[in-house]
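Accompanying notes for the structure given below.
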Amino acid sequence: MPELPEVETIVRGLEPVLRGARIAAVDVREPRLRTPIAADFTARLKGRRILGMRRHGKFILAPLDDGAIWLIHLGMTGRLTIGSPDRPDRPHDHVVLQLADRRLLTYNDPRRFGRLAVIAADAVPAETAAGIDALSPALTADFLFVRSRRHARTTVKSLLMDQREIAGLGNIYVNEVLFLAGVRPRRRAGRLTRAESARLVTAIRTVLGAAIARGGSSISDYRDGFERSGSYQLRHQVYDRAGEPCRRCGGPLRGVVVTGRSTFYCARCQR
DNA sequence: ATGATCTCCTGAGCGC
DNA sequence: TGCGCTCAGGAGATCA
């Protein structure tokens, strides 16, 4: 569910309220996530102070006062929200942290595809296996062009979604980025031109920036750290719009499957 | 190296 | 109202 803009929105909202907060109690109600929550998770969080919160790709990283890192990935349906002490329990509230000021930080995840772990700071690269962040200045036209040659036989869409290369784009935003850049999802990466690489990099910044400005896309599950919806779904140009008219040329949008994921594009506007 | 397929789960939506 | 089916924002494993 959450891609870079949703994770960024959550982090921007929660960082100021969690920075400096002490974790008074940890309640792991359901450890059976796709990667199970480790047995020592509670012991490694309890009593710690959260120093801050940042994002890399779709990962949330919260450094703790003992040098360790609290690592959070929301998977498809994960939510990390802060609420008052009397907030009622809900189904799928798998982990509830009580802060020293008694507020509750809750991890809720119906499908349980997310991940929660406390890891050593130097283990972050290995644990996330993440490439450069999609909003990093290091993502240049040159970078993308070089990587497109390294993965010449894959599709452009797969390359952009490969978190080991560029971290942050998921299925919604990659569709939107490809539309804005005018590149078809199934194009071989090895046939990208330098000009197209430049357009894609620009499109990534434009789409992700606009989505963050609107608090992300709320299709069904997504809410930010204070349970608020985003509104960028109202601006989607192609995602989930198969058969509907292209907002640019009026032609019918196509819906296909690329590497197992639903994919939407305009055959006239994208080449 | 890469795509296809399957897997982990629950819930929503749809046709009947 | 209910049943069965398909699909969903992620990502890792396996196979060809």
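Keep in mind that this is a model prediction, so the values were computed, not measured. So you know, we letter chains A, B, ... as the sequences are listed, proteins then strands, and number each from 1.
- A:Y173 and A:H236 have perpendicular rings, their planes meeting at more than 60° on a 0 to 90° scale where under 30° would count as parallel.
- Both A:P110 and A:A152 sit near DNA chain B, but only A:A152 has its closest nucleotide nearer the 5' end.
- With B:dG3, B:dC9, C:dG10 as the choices, the nucleotide that has an atom nearest any side-chain atom of A:T155 turns out to be B:dG3.
- Atom CG in A:L160 sits about 14 Å away from atom P in B:dT2, given to the nearest Å.
- Look at CD1 on A:I219: it is 15 Å from C1' on B:dG13, rounded to the nearest Å.
- A:R111 has no carboxylate O lying under 4.0 Å from a charged side-chain N of A:D109, or vice versa, which leaves the two without a salt bridge.
- Closest contact between the side chain of A:Y239 and the listed nucleotides C:dG9, B:dG3, C:dG10 involves C:dG9.
- Taking only distance into account, the side chain of A:R34 meets the base of B:dT7 through a donor-acceptor pair shorter than 3.5 Å.
- Residue A:Q163 places its side chain closer to C:dA11 than to any other of B:dG11, C:dA11, B:dT2.
- Distance, A:Y173 OH to C:dG10 C1': 15 Å, rounded to whole Å.
- As rounded to whole Å, 13 Å separates atom C1' of B:dT10 from atom CZ of A:R32.
- Figure legend: cation-pi geometry between A:R194 and A:F145, with NZ or CZ positioned under 6.0 Å from the six-membered ring centre and within 45° of its axis.
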Dot-bracket for DNA chain C: what is it, with Watson-Crick or G-U pairs under 3.5 Å, [ ] where a pair crosses earlier ones, and | for a pair to another strand? .|||||||.|||||||
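- Between B:dA4 and A:R261, no contact under 4.0 Å exists linking OP1 or OP2 to a side-chain N or O.
- Taking side-chain N and O atoms only, A:T77 has no distance below 4.0 Å to OP1 or OP2 of B:dC9.
- Rounded to a whole angstrom, the distance from the P atom of B:dT5 to that of C:dC7 is 13 Å.
- Counting to the nearest Å, the P atom of C:dA11 and the CG atom of A:D162 are 10 Å from each other.
- Regarding A:F59, its CZ atom lies at a distance of 12 Å from the P atom of C:dG10, rounded to whole Å.
- Ring-to-base geometry does not place A:Y222 in a stacked arrangement with C:dG9 (centre distance under 5.5 Å, plane angle under 30° required).
- Applying the ring-ring contact (aromatic ring centres under 6.0 Å, His included) rule to pairs touching residues 182-215 of chain A yields nothing, sequence neighbours excluded.
- Checking B:dG11, B:dT2, C:dA8 against the side-chain heavy atoms of A:R111 singles out C:dA8 as nearest.
- In this structure, A:D142 CG and A:S197 OG are separated by 8.5 Å, a value rounded to the nearest 0.5 Å.
- Looking at A:R187 and A:E196, a side-chain N of the basic residue comes within less than 4.0 Å of a carboxylate O on the acidic one, giving a salt bridge.
- Residue A:K58 has a polar side-chain atom (N or O) positioned under 4.0 Å from OP1 or OP2 of C:dA11.
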Verdict with reasoning, A:T42 to A:I37, per side-chain contact (heavy atoms from CB on, under 4.5 Å): CA-CA 9 Å; A:T42 296; A:I37 297 174; over 6 Å; no
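- Here A:E6 does not pair with A:R214 in a salt bridge; the nearest charged N to carboxylate O distance is not below 4.0 Å.
- Atoms CD (A:E3) and P (C:dG10) sit 5 Å apart, rounded to a whole Å.
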Does the side-chain hydrogen bond (donor to acceptor under 3.5 Å, both in side chains) test come out yes or no for A:T263 and A:K157, once each step is laid out? CA-CA 9 Å; A:T263 301; A:K157 188 185 183 209; 2.7 Å; yes
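- Using a 4.0 Å heavy-atom cutoff across all strands shown, A:S262 reaches sugar-phosphate atoms only and no base atom.
- Scanning atom types as modelled, no donor and acceptor separated by under 3.5 angstrom connect the side chain of A:R112 and the base of B:dC9.
- For A:H73 and C:dG10, the shortest distance from a side-chain N or O to OP1 or OP2 is not below 4.0 Å.
- When rounded to the nearest whole Å, the span between CZ of A:R150 and P of B:dT2 equals 11 Å.
- When distances are taken from the side chain of A:H92 to each of C:dG10, B:dG11, B:dG3, the shortest belongs to B:dG11.
- Mapping A:F264 and A:T128 onto DNA chain C by nearest heavy atom places A:F264 closer to the 5' end of the strand.
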